[in-house]
Amino acid sequence: MSVDPLVQAPFDLLSPVERARLREACDEFAFPAGGALQAPSGRRDAAWLVLSGRARQADGFDASAEYAPGELAGLRGLLAGDDAGSLVALERLIAIRIPKPTLQALIAANPAFAAELFDDLAQRLRAGARRGRNRERRSMMSKVREAWLRKPLFVDGATDLVTVCRILTESRRTEALVRDAGRLGIFTTTDLREAVLRPAPTERQPVRELAHFEPFSVQAESALLEAMQTMLRHRVHRVVVRDGERVVGVLGQLELMSFVSNHSHLIALQIAQADEIADLRDAALRIDELIESLHGDGVRVEVISGLVRELNRSLLAQLWTLIAPPALRENSCLVVMGSEGRGEQIVKTDQDNALLLRDGFDFEGLGALAERFSEWLGRFGYPPCPGGIMVGNPLWCQPLMRFRAQLERWVHGTDPEGPMNLAIFLDATAVAGATELLGQARDHVDRILLDTDLFYARFASAIDRFGEPDGWWMRWAKSLVQGETEVDLKKLGIFPVVHGARALALQYRVREPGTVARLRVLATQGRIEGALVRDLVDALHFLMGLKLRSNLQQRGAGQSPDNRLRLSALGTLERDALHDALAIVRRFRQWLRLHYRLDVLR
């Protein structure tokens with residue numbers, strides 16, 4: 001006889017009465033492959049317990065999530081009040097429909113069931129190891145004050161709705177707290193629907209007439225689980241947070257869900273809604289915490305780097321928005337370069353950025369503003385670039401016409417630093433402003449390139465810029481035994497792969513800035529063997545992972561992160577893997593030497 005699915009976890013935590021109530025509310029349905037459990041246009045009114053088959057959530061809050069037997073499909077969007085996306089059967093599927101009101105009532109009435117349910121949800125979102133699951137359980141029991149709270153935005157009850165909406169738009173908010181004759185209320189953009197149906201014009205309707213007074217609230221010292229239960233019990237998507245009687249913020253359901261997943265969406269919201277630079281500094285510190293959390297849960301290094309890339313770029317763009325006046329933002333392009341431009345920087349190492357100005361545009365005080373931008377980045381934890389590759393350096397802050405001339409000198413000139421400056425620029429990615437300026441500068445590079453073997457050979461020769469210490473490879477076996485040899489992961493492993501891919505991308509007009517993307521396009525074009533590319537990608541990710549772990553350990557010890565790694569910190573298997581990875585890099589360098597005939601340059 002088959003096991004009753006409603007007595008399995010997390011439903012085993014329900015009382016007999018609660019389980020009976022659940023059975024009475026549920027129905028079982030069968031769907032053919034491609035059948036919609038939840039259509040994109042439908043209201044999210046239920047979760048689905050999959051009994052057999054598989055379902056997929058697409059284009060919504062849980063985009064591309066798949067559900068197998070025993071899992072609750074559509075739960076995250078249901079609890080967050082998100083109606084976007086569709087839930088579709090990938091094959092013939094049988095599932096139990098659990099109505100939203102029934103699920104909300106059980107969560108509100110049974111704390112143990114709620115904790116297990118949210119723990120399972122967080123575990124799915126994090127896709128981490130068992131220790132990640134334990135961390136998520138602690139997150140639900142964390143204090144409300146530990147989550148990101150939106151600062152309270154107060155308006156007077158007599159303020160008309162048009163003015164309130166203008167304030168909300170300017171503040172990028174969806175709710176305002178209403179003070180009216182000693183009362184506190186809350187007005188949200190959802191309440192506008194009622195205003196439209198009233199006969200009086202909206203500009204004549206005071207906000208007090210639509211606000212909900214005595215809004216539900218929680219104490220800052222309360223557990224997050226209590227805040228979630230309050231939201232579900234009363235069917236609201238936000239609560240006022242108080243410290244005693246003092247209002248300290250507003251906690252939304254989406255921010256709460258982000259806190260118990262991986263905090264990334266929470267950080268993105270904090271960056272987007274920051275109206276003060278101090279708020280961005282807090283977000284930058286949260287990015288550091290996120291990196292440690294994801295690494296601790298065994299998330300792949302390429303996934304971490306991709307997430308950090310987007311958060312860092314959003315952070316820089318918002319900082320530029322808060323510092324630069326609109327005229328400067330509209331007539332310039334802020335770019336990031338180096339590992340940040342390639343999306344391969346995880347732990348903050350240094351600043352690599354530049355500013356391209358529209359020809360004919362002049363801004364008084366640009367130097368001081370650029371220095372302020374770099375200074376704030378330093379406070380955020382991004383150290384200044386030792387080589388001065390920052391917006392405060394006139395070399396990297398020029399009008400487009402002058403910068404084009406500079407590119408020509410790097411391509412045609414004899415300055416020994418020219419090829420490396422060109423290489424740095426080739427990794428540039430626009431993060432704010434008139435992004436077409438970067439495209440025009442990059443187009444100019446393609447027009448002025450010297451399509452000669454000698455030019456590309458000189459450019460690619462930087463793969464030997466650091467070289468290998470004399471006899472280093474031959475001493476590897478001895479160093480494995482002694483375990484005291486220190487290696488520079490960037491010089492020996494990461495840089496040759498990065499620059500080799502960059503040289504090939506320049507030669508064959510591949511515009512992707514990321515190393516892995518460049519290599520894969522080159523393999524598709526037949527410029528390099530696919531098997532070698534797969535080995536290089538694996539080696540690069542392995543080296544990035546070692547560097548990330550070493551950097552986190554260095555930061556934990558109060559040291560500045562760098563590229564050095566002591567072999568004694570590795571286990572036997574990791575040393576063997578490092579040996580194999582560096583062997584792949586060495587093979588790639590040999591391939592590049594033959595491809596560009598670098599022996600001719602010597």
Side-chain angles (χ1 to χ4, degrees), residues 332-342 350-362 366-367 370 384-430 436-467 490-491 495-513 515 518 589 592-593 595-602:
S332 66
C333 178
L334 178 69
V335 303
V336 290
M337 299 175 294
S339 58
E340 182 62 48
R342 297 190 307 273
D350 58 5
Q351 302 177 30
D352 279 321
N353 45 57
L355 189 69
L356 298 178
L357 302 171
R358 201 182 301 277
D359 291 330
F361 174 74
D362 185 46
L366 178 59
C385 175
I389 306 169
M390 299 183 294
V391 293
N393 184 342
L395 180 67
W396 297 102
C397 183
Q398 301 189 52
L400 181 60
M401 183 176 296
R402 280 170 43 196
F403 191 73
R404 282 172 171 167
Q406 183 67 61
L407 289 170
E408 292 176 9
R409 288 191 289 273
W410 289 343
V411 172
H412 300 289
T414 59
D415 182 354
E417 293 301 314
M420 279 314 302
N421 285 334
L422 175 62
I424 291 168
F425 170 72
L426 293 177
D427 293 339
T429 299
E436 69 274 10
L437 296 178
L438 176 59
Q440 293 168 13
R442 187 62 181 83
D443 290 341
H444 190 63
V445 171
D446 287 344
R447 285 194 295 268
I448 64 175
L449 281 178
L450 297 172
D451 279 319
T452 65
D453 293 342
L454 182 59
F455 170 77
Y456 291 117
R458 285 177 174 169
F459 184 83
S461 65
I463 62 168
D464 292 327
R465 179 172 184 167
F466 302 114
K490 178 178 179 180
K491 292 180 179 179
F495 179 79
V497 178
V498 167
H499 190 67
R502 184 163 46 206
L504 292 167
L506 178 65
Q507 179 182 5
Y508 296 115
R509 307 300 196 271
V510 174
R511 288 288 187 93
E512 278 77 359
T515 301
R518 285 168 170 167
R589 290 171 66 172
L592 290 167
R593 291 190 186 106
H595 179 78
Y596 289 111
R597 299 182 61 190
L598 297 185
D599 56 313
V600 176
L601 295 179
R602 296 178 179 176

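Heavy-atom basis, side chains included; hydrogens, waters and symmetry copies ignored. Just so you know, these numbers come straight off a predicted model, no measurement behind them.
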Item to check | Point-to-point distance, once rounded to the nearest 0.5 Å, from CG of L357 to SG of C397 | outcome: 5.0 Å

Checklist outcome for this item: For V411 and L449 the tightest heavy-atom approach is CG1-CA, 4.4 Å

Checklist outcome for this item: Residues L395 and W410: closest non-hydrogen pair is CD1-CZ2, 4.0 Å

Checklist entry - Given R342 and T429, is the side chain to side chain contact (heavy atoms under 4.5 Å, CB included) satisfied, shown in steps? => result CA-CA 8 Å; R342 297 190 307 273; T429 299; over 6 Å; no

Next on the checklist: If I compare all heavy atoms of L400 with all of A441, which pair ends up nearest, and what's the gap?
Outcome noted: CD1-CB, 3.8 Å

Next on the checklist: Contact between L450 and H412 at the side-chain level, heavy atoms closer than 4.5 Å - yes or no?
Outcome noted: yes

Checklist entry - Does atom CG of D453 have more than 12 heavy-atom neighbours, drawn from other residues, nucleotides or ligands, at distances under 6.0 Å? => result no

Item to check | Min side-chain heavy-atom separation V335-L437 under 4.5 Å | outcome: no

Checklist entry - Tell me, do L454 and Y596 make a side-chain contact under 4.5 Å, heavy atoms counted? => result no

Checklist entry - Charged N to carboxylate O under 4.0 angstrom, D443 versus R447? => result no

Checklist entry - So, do Q351 and E340 sit near enough that their side-chain heavy atoms are less than 4.5 Å apart? => result no

Checklist entry - How many angstroms lie between OG in S332 and CG in L355, if you round to the nearest 0.5 Å? => result 4.5 Å

Item to check | Residues D451, R509; criterion salt bridge (Lys or Arg N to Asp or Glu O under 4.0 Å); working and verdict | outcome: CA-CA 11 Å; D451 279 319; R509 307 300 196 271; 3.1 Å; yes

Checklist entry - Are F403 and F425 near enough that their ring centres are under 6.0 Å apart? => result yes

Checklist entry - So does R409 pair up with D415, basic N to acidic O under 4.0 Å? => result no

Checklist entry - Are E436 and R358 ion-paired here, with the side-chain N under 4.0 Å from a carboxylate O? => result yes

Item to check | Electrostatic pair R589-D464, nearest N-O below 4.0 angstrom | outcome: yes

Item to check | Minimum heavy-atom distance P513-G341, with the two atoms named | outcome: CB-O, 3.9 Å

Checklist outcome for this item: Between the CD atom in Q398 and the CG atom in N393, the distance rounded to the nearest 0.5 Å is 9.0 Å

Checklist entry - Counting only N and O atoms by type, is there a donor-acceptor contact under 3.5 Å from the side chain of H499 to the main-chain atoms of F459? => result yes

Checklist entry - Closest approach of L592 and G500, non-hydrogen atoms and distance? => result CD1-CA, 3.6 Å

Checklist entry - Should R502 and Q507 count as side-chain neighbours, where that means a heavy-atom distance under 4.5 Å? => result no

Checklist entry - Between atom CG of N421 and atom CD of Q406, what is the distance when rounded to the nearest 0.5 Å? => result 7.5 Å

Checklist entry - With a 4.0 Å cut-off, would you call R518 and D427 a salt bridge? => result yes

Item to check | Close side-chain approach of M337 to W396, heavy-atom, < 4.5 Å | outcome: yes

Checklist outcome for this item: Rounded to the nearest 0.5 angstrom, the CD1-CZ distance for I463 and F495 is 9.0 Å

Checklist entry - Which atom pair, heavy atoms only, marks the closest approach of V391 to L334? => result CG1-CD1, 3.9 Å

Checklist entry - Heavy atoms, side chains only, cut-off 4.5 Å: are I389 and I424 in contact? => result yes

Checklist entry - Any side-chain heavy-atom pair from P386 and D350 closer than 4.5 angstrom? => result yes

Item to check | From K490 atom NZ to S339 atom OG, the distance as rounded to the nearest 0.5 Å | outcome: 7.0 Å

